[in-house]
Amino acid sequence: MTTRPDRGGDLPPRPPGVPAIPAQPGPEAAAAGPPPASPTAPAAEEPAAADPSVDAAPEPAPRPDRAQYGVVAFLALVGGFVIFDATTRIGRAINTADPIGPKPVPILLGVLLLVIAVIYAVDVARGGRGEPEAGEDVDLSLPIDWRTVLLLVGAFLVNAVLIERLGWVISGTILFWGSAYALGNRHYVRNLLIAVALSLITFYTFAIGLGVDLPAGVLQGIL
């Protein structure tokens with residue numbers, strides 16, 4: 001009854017709460033295509049193409065590490081001193097057991113040191129630099145442990161001073177034990193036994209294996 005025209009020919013009013021149904025476009029509207037864009041509607045912005053010249057900025061040329069020239073100078077000085085010492089102080093003692101004499105080996109080592117110094121200088125001039133030290137148990141942000149360094153230096157100095165008076169076995173024991181203490185090992189008795197064993201092993205290795213007698217010191221006649 002709601003859709004049948006009444007006696008006057010007009011459609012009866014729709015009950016409240018029923019939404020109006022929009023008119024569906026016919027086949028003619030679909031064939032005509034989408035409606036033209038309004039002249040006032042903003043056009044869709046296209047993404048700007050990336051400028052390769054902006055991203056590809058030239059990298060600065062590496063600066064030479066001038067501190068490495070100190071290493072170069074040290075290598076050159078050592079090489080020059082070895083060559084000078086071999087050519088001026090070492091004699092020409094040649095025998096049947098050693099036909100080439102004592103000069104060629106140190107001269108060759110000095111020349112190799114000079115060559116390495118030149119190659120190293122060229123690499124530093126081109127911007128080459130050594131990689132920083134890295135490791136699982138190394139924290140590069142911490143300062144130098146000067147206490148450990150000074151203890152190690154002291155152990156070597158004590159060994160150098162006492163090796164002639166006390167002999168290698170005693171001075172070497174102090175060196176090995178002091179180095180272990182400086183590096184943080186606190187097993188005093190075990191370290192002492194290991195140090196004595198290492199000193200005796202090196203003493204007899206040089207004496208028997210190489211024919212070089214290390215100073216025996218106060219233990220002369222016992223060892």
Side-chain angles (χ1 to χ4, degrees), residues 58-165 167-169 171-172 174-176 178-180 182-183 195 198-199 201-215 217:
E59 296 183 358
R63 286 185 174 183
D65 188 3
R66 300 187 182 278
Q68 300 300 320
Y69 287 117
V71 181
V72 174
F74 176 76
L75 292 175
L77 287 175
V78 172
F81 176 77
V82 170
I83 295 175
F84 175 79
D85 185 71
T87 55
T88 58
R89 192 177 64 86
I90 299 179
R92 297 182 56 85
I94 300 177
N95 53 32
T96 56
D98 186 11
I100 63 175
K103 283 188 176 183
V105 173
I107 291 176
L108 177 62
L109 292 178
V111 172
L112 290 177
L113 285 173
L114 292 178
V115 172
I116 292 174
V118 172
I119 295 175
Y120 195 18
V122 172
D123 180 68
V124 173
R126 292 181 176 179
R129 60 182 63 212
E131 295 293 333
E133 184 181 1
E136 295 181 358
D137 57 344
V138 177
D139 189 356
L140 300 179
S141 62
L142 295 178
I144 299 175
D145 187 1
W146 289 109
R147 178 179 178 274
T148 301
V149 174
L150 292 178
L151 286 175
L152 288 173
V153 172
F156 278 91
L157 290 178
V158 169
N159 175 68
V161 172
L162 299 180
I163 189 171
E164 292 292 340
R165 300 176 182 178
W168 164 253
V169 174
S171 65
I174 297 174
L175 173 63
F176 295 137
S179 300
L183 295 175
L198 288 176
S199 299
I201 291 173
T202 53
F203 181 85
Y204 286 110
T205 299
F206 274 83
I208 299 175
L210 302 177
V212 177
D213 294 329
L214 294 177

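Just so we're clear, the structure is a prediction, and the values are computed from it rather than from any experiment.
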### Query
Is the closest side-chain donor-acceptor distance between Trp168 and Thr202 under 3.5 Å?
yes
### Task
Please name all residues satisfying side-chain contact (heavy atoms from CB on, under 4.5 Å) with Val71, sequence neighbours left out, ordered by chain then number.
Gln68, Leu75, Tyr120
### Query
For the atom pair CG (Leu175) and OG (Ser199), what is the distance rounded to the nearest 0.5 Å?
8.0 Å
### Shortest non-hydrogen contact from Ile107 toward Ala86
CG1-CB, 3.7 Å
#### Entry: Point-to-point distance, once rounded to the nearest 0.5 Å, from CD1 of Ile116 to CG of Asp123
13.0 Å
### Message
Show the nearest heavy-atom pair for residues Ile201 and Thr205, with the distance to one decimal.
### Response
O-OG1, 2.5 Å
#### Entry: Nearest-0.5 Å distance that lies between atom CG in Leu114 and atom CD1 in Ile119
11.5 Å
#### Entry: Check: Tyr69 and Val124 side chains under 4.5 Å, non-hydrogen atoms
yes
### Task
Kindly indicate whether the side chain of Leu183, heavy atoms from C-beta on, has any atom under 4.5 Å from the side chain of Leu152.
yes
### Task
Sequence neighbours left out, what pairs pass side chain to side chain donor-acceptor pair (under 3.5 Å) with at least one residue falling in residues 155-165?
Asn159-Ser171
### Message
Quick check: closest heavy atoms across Thr148 and Asp145, and the distance to 0.1 Å?
### Response
OG1-OD2, 2.6 Å
### Query
Say you draw a straight line from CD1 of Ile163 to CD1 of Ile174; how long is it, rounded to the nearest 0.5 Å?
11.0 Å
### Message
Please give me the minimum heavy-atom distance between Phe203 and Pro215, naming the atom from each residue.
### Response
CE1-O, 4.0 Å
